[in-house]
Each structure stands twice: as structure tokens, then as C-alpha cells.
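Heavy atoms only: backbone and side chains are in, while hydrogens, waters and symmetry mates are out. Whatever order the structure lists them in is the order used to number ligands and atoms, beginning at 1.
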Amino acid sequence: MTNLQNIETVRFDTPIYVTRPVLPPLERVTEKLKEIWDLQWLTNNGPQLLSLEGRLLETLKVPALSLFNNGTTALMAAFKALQLEGEVITTPFTFPATTHVAAMAGLTPVFADIDPLTLNLDPARIEAAITSRTRAILGVHVFGTPCDVFAIQEIARKYELKVIYDAAHAFGVEIDGTSIGSFGDFSMFSFHATKLFHTVEGGALVYPDRNYRQKVELFRNFGIKNEEEVVGQGINGKLNELQAALGLLVLDYLEEERRKRWAIRDIYYAGLGDVPGLTLQQDLPGARPSLQYFTIRIDENLYGLSRDDLYLELKRHNVYTRKYFYPLCSSYPDYKNLPSADLSNLPIANRVVQEVLCLPFFGGLELEQAAIICDLIRSKSRPRRYLPPTLANPN
Ligand code: T4K
């Protein structure tokens, strides 16, 4: 813990954001750009893209993948390949892209509640939501914590459903040595600048069944099969050579970034682990963590301050945390009137979304800065004397 006389007066000179991208040395980027300039090949399946695809197959330990210009179009490609009609069971606690893509593919999202520990779809609630119109389960490995993939696999087998995972946060996650991308029919990874591994904007679709490749890549390129044939609908989902080249470089710095994030995590655990009312993000046994986010949950009654108030307080010190994923997808205008969006169907998600705060978490955050953030959070705590519910609130 840092020795700070008056923590209230601390204000970082420059803003501390929730994340910062890994940026390889500029000289190496320039060298890479020269390769691209020499070849005059800027996009459309160039050598940088093919090379990145090869490196990612190894890194992610998956049999097949296709690169995209962002994670959202990669997810769209999964739905296009599956051609489903009916309902898809999904989580309300996610980034808007997840629900939007399913709805824009013509499916009705059916929200199921989440597990209070993993913050991912609760398999029991998935099963309870199945109807004769259910065609798929769309899970999200929120903050890199794996869904209960084995239970979901069993439900999918029993009811003959497709499984699509939004693995936007789960780069490098493994369960007992098996890549997270090995589960389900499709997994989407996001390579946005805010992600541990990034290509500025970008993404990948992973599919254990290689037969999907043709459909997926046709969708990525307007449905064009060759110069003579356009065989289906598609969009421009291509990752360009400059982005692929940057991705190749970023891969070289990933292990270093992961080591730095481990150290920051250790500081957060040591500095915040015993603060009443705070629950720190935990790894699941056997799961290799993504180190994508570091989240805390705030129990206002025990900590003495709400999540929203802590968020505002930290801003005063120039610390910009994030309230991912507030508001719930089930509260958006397009979805709030769905029967499954009702508060009574989603009590845990509605509580969790008021409690989660993502702390600054990136390799460039100095350990001293992380320690000060812990001190700030500790200093805001105003534990109240516990009153049994009946005394605290006679009603
Ligand atoms: N599914 C899930 C579960 C997702 O979380 C996401 C994306 C997707 C699907 C869709 O994948 P993509 O189609 O995006 O590949 C950011 C990202 O834009 C978004 O990719 C990400 N999830 C989401 C969780 O975060 P914002 O609006 O919160 O980002 P922004 O611009 O506020 O950036 C956050 C902080 O990062 C900034 O305060 C500072 C830092 N930053 C950001 C950028 C862009 C930098 O230091 N440099 C930068 O270049 O959405």
C-alpha cells in the first residue's frame, strides 16, 4: 500500500483509462509497412492476412478461422452461415453487438438470466427458456470468464440447437488446455483496439467444422465466388493488410503484456481483497484467464457507496473506470417489450448491472498507479453497521 498523507487530494496528471492498446515500436511498424508498400497489395487476402491467419490458428489452438474487419461482422457471418429462423436464447449482460446481430439476422432474442458468479448465461435458465421455436443459444464469455460450455453443449445436444459464442473478451482462454474456440458451432473474437490482442479494428470467426469456411468467407466478400459468379448475399467484412500487419507485430508483445497485467492483478488482489462490500473478478478452476478486464462488484450496503458514486468519485481523481455492460440489452428500445426482457425474468442481471465496475487494466499502467487506485477505492469505503433486513427496513 502506498503511503499517502491525504489521498483525497490525489489527482493523476494524465487521465487513467480503463485500457490502452498494445503498440509495437514504431520502427517495426515502419518496416512492416515497407513490405506492404513494396508489394502494393493493400487488402483482399494478401500475404499479411494469410500470415496472421496462420499465426492465430497456432495461438488460439483452433482448426479453422476467418479474419474479419471487426468482431461484429464476424458474428454476422456465423448467423448467415447457419440460416436460422425462430428464437435464440441469449444473455442481456453484454455489449450491444451481441443482441443486435442476432436480431438483425431475423431471430427473436430470448433473454435468460445470468449466473451471479460467472455473470454468464445460467444453463438452468437456458433450459427453462426453450420453446418449440428455439433454434440456437448465443452465449458470451463475459470479461473472458468461460460460459459453462459443457452444460450448454449438453442442452444443445438434447434439444438439437446450434451454439454460437461471443468470445470477444476471451482471446487465449483455455479450459483444461482446450481452446475456448473449440466449443460450440462458432466463436467470435474481437480484435478491437481495446482488446488484449488487437488489429486496431478486427475480429475472427472460429469454427471447429472446417466445412463452414466457404459460406463464411463468401459472406465476408459480398457473396462473390469468382469473377463470373455471385452466389449469395454478403457484405464487405475484410481485414486489410495494414491491420493484419499490425496484428502480426502485436502478437510478438502479447506475452509481455500478459505478464504486466498479471502483476497489476496481483496489486488489485492485495489492495482490494479485504475491502468490505467488494467482490473481485475470480478465475474459474482449470480456466486460463484472458486478462482482458479486471472487474469489481460493489455491494452498496457493505461498501457504503454505490457503484455509480464510486465511478464518479474516481473521475475526480482522473481515473476513468467503465460500467460495462450498463444498460442491459434487455432495456434497449428494440428489446424492452419482449416478454423475456421483463425484470422478473432477469433479477440477477438487473442487480449485477448496477454493481460491476471495470478498473484500469493494461500493461502500461504502472504498479504504483494501480496501488494508488486501490488506496483511492479503499478510502471511499464507508462501511455501515450491518442491520438485519427487518430492522434496517421494517417493510
Ligand atoms: N461482443 C462483445 C461482448 C464486445 O465487448 C464487443 C466489443 C463486441 C461484441 C463487438 O466487437 P467489435 O465489433 O467492436 O470488434 C469498446 C469497443 O469499441 C468495443 O470493441 C468493445 N466490445 C467494448 C467493450 O469497448 P467503448 O465505446 O467502450 O470504447 P471507448 O472508445 O470508450 O474506449 C474505452 C477506453 O479505451 C477509452 O476510454 C480509452 C481507451 N482507448 C480506446 C481506443 C478506441 C484507447 O486508449 N485507445 C483507443 O484507440 O467500446
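- A donor and an acceptor atom, one from each side chain of Asp342 and Ser344, are located under 3.5 Å apart.
- Scanning the protein heavy atoms around atom 35 (C) of ligand 1, the nearest turns out to be Val18 CG1, 3.9 Å.
- Among the atoms of Tyr293, none of the N or O lies under 3.5 angstrom from an N or O of ligand 1.
- When hydrogens are left out, the protein atom nearest atom 38 (O) of ligand 1 is Tyr17 CD2, 3.5 Å; that is the closest non-hydrogen contact.
- Looking at atom 21 (C) of ligand 1, its nearest protein heavy atom turns out to be Lys195 NZ, 2.9 Å.
- Of the protein's non-hydrogen atoms, the one nearest atom 9 (C) of ligand 1 is Asp166 OD2, 3.3 Å.
- Contact between Gly202 and ligand 1 is present, with at least one heavy atom of the residue lying under 4.0 Å from the ligand.
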Which pairs of donor and acceptor atoms, one on a side chain in residues 169-178, lie under 3.5 Å apart (sequence neighbours left out)?
| from | atom 1 | to | atom 2 | distance (Å) |
| --- | --- | --- | --- | --- |
| His169 | ND1 | Phe143 | N | 2.9 |
| Glu174 | OE1 | Lys61 | NZ | 3.4 |
| Glu174 | OE2 | Lys61 | NZ | 3.1 |

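- The closest protein non-hydrogen atom to atom 49 (O) of ligand 1 is Ala193 CB, 4.0 Å.
- In this structure, atom 31 (O) of ligand 1 is not in close contact with the protein, since no protein heavy atom lies within 4.0 Å of it.
- In Tyr320, neither the side chain nor the backbone holds a heavy atom less than 4.0 Å from any atom of ligand 1.
- In Thr72, the parts holding a heavy atom less than 4.0 Å from any atom of ligand 1 are both the side chain and the backbone.
- The pair Arg259-Glu255 does not count as a salt bridge, with every side-chain nitrogen at least 4.0 angstrom from each carboxylate oxygen.
- Closest to atom 6 (C) of ligand 1, if we only count protein heavy atoms, is Phe95 CD2, 3.3 Å.
- Set against the non-hydrogen atoms of Pro21, the atoms of ligand 1 under 4.0 Å away are 45 (C), 46 (O), 47 (N).
- Atom CG of residue Asn120 and atom CG of residue Asp115 lie 7.5 Å apart, to the nearest 0.5 angstrom.
- Contact check on Asp252 versus Arg28 returns a salt bridge, with a Lys/Arg side-chain nitrogen under 4.0 Å from an Asp/Glu carboxylate oxygen.
- Each of the atoms 3 (C) of ligand 1 lies under 4.0 Å from some heavy atom of Thr94.
- Side-chain atoms of Glu35 and Gln48 include a donor-acceptor pair closer than 3.5 Å.
- Nearest residue to atom 34 (C) of ligand 1 from His141, Arg322, Gln292 is Arg322 (criterion: closest heavy atom).
- Ionic pairing of Arg316 and Glu8 is present here: one or more N-O contacts between side-chain nitrogen and carboxylate oxygen are shorter than 4.0 angstrom.
- Counting atoms of ligand 1 from 1 in the listed order, those under 4.0 Å from a heavy atom of Thr19 are 36 (O), 39 (C), 40 (C), 46 (O).
- For atom 5 (O) of ligand 1, the nearest protein heavy atom (residue, atom name, distance) is His169 NE2, 2.7 Å.
- For the pair Leu291 and Leu196, the tightest heavy-atom approach, listed with the atom from each and the gap, is O-CD1, 4.1 Å.
- In this model, no donor atom of one side chain and acceptor atom of the other lie less than 3.5 Å apart for Asn236 and Arg220.
- Taking the charged nitrogens against the carboxylate oxygens, Glu256 and Lys260 do have a contact shorter than 4.0 Å, which makes a salt bridge.
- Taking any N or O of Tyr324, backbone or side chain, at least one lies under 3.5 Å from an N or O belonging to ligand 1.
- With ligand atoms numbered from 1 in the order given, ligand 1 contributes 1 (N) to contacts under 4.0 Å with heavy atoms of Thr98.
- Distance from atom 42 (C) of ligand 1 to its nearest protein heavy atom, with residue and atom name: Thr194 CG2, 3.8 Å.
- For the side-chain hydrogen bond (donor to acceptor under 3.5 Å, both in side chains) with Lys238, the qualifying choice from Asn44, Thr73, Thr43, Asn69 is Asn44, the only one to do so.
- By the ring pair (Phe, Tyr, Trp, His ring centres under 6.0 Å) test, Tyr268 is found to be paired with Phe294, residues two or more places apart in sequence or in another chain being considered.
- Contact check on Lys380 versus Glu313 returns a salt bridge, with a Lys/Arg side-chain nitrogen under 4.0 Å from an Asp/Glu carboxylate oxygen.
- Nearest residue to atom 17 (C) of ligand 1 from Lys323, His100, Glu201, His192 is His192 (criterion: closest heavy atom).
- For ligand 1, the polar-atom distance check finds an N/O of Gly71 within less than 3.5 Å of one of the ligand's N/O atoms.
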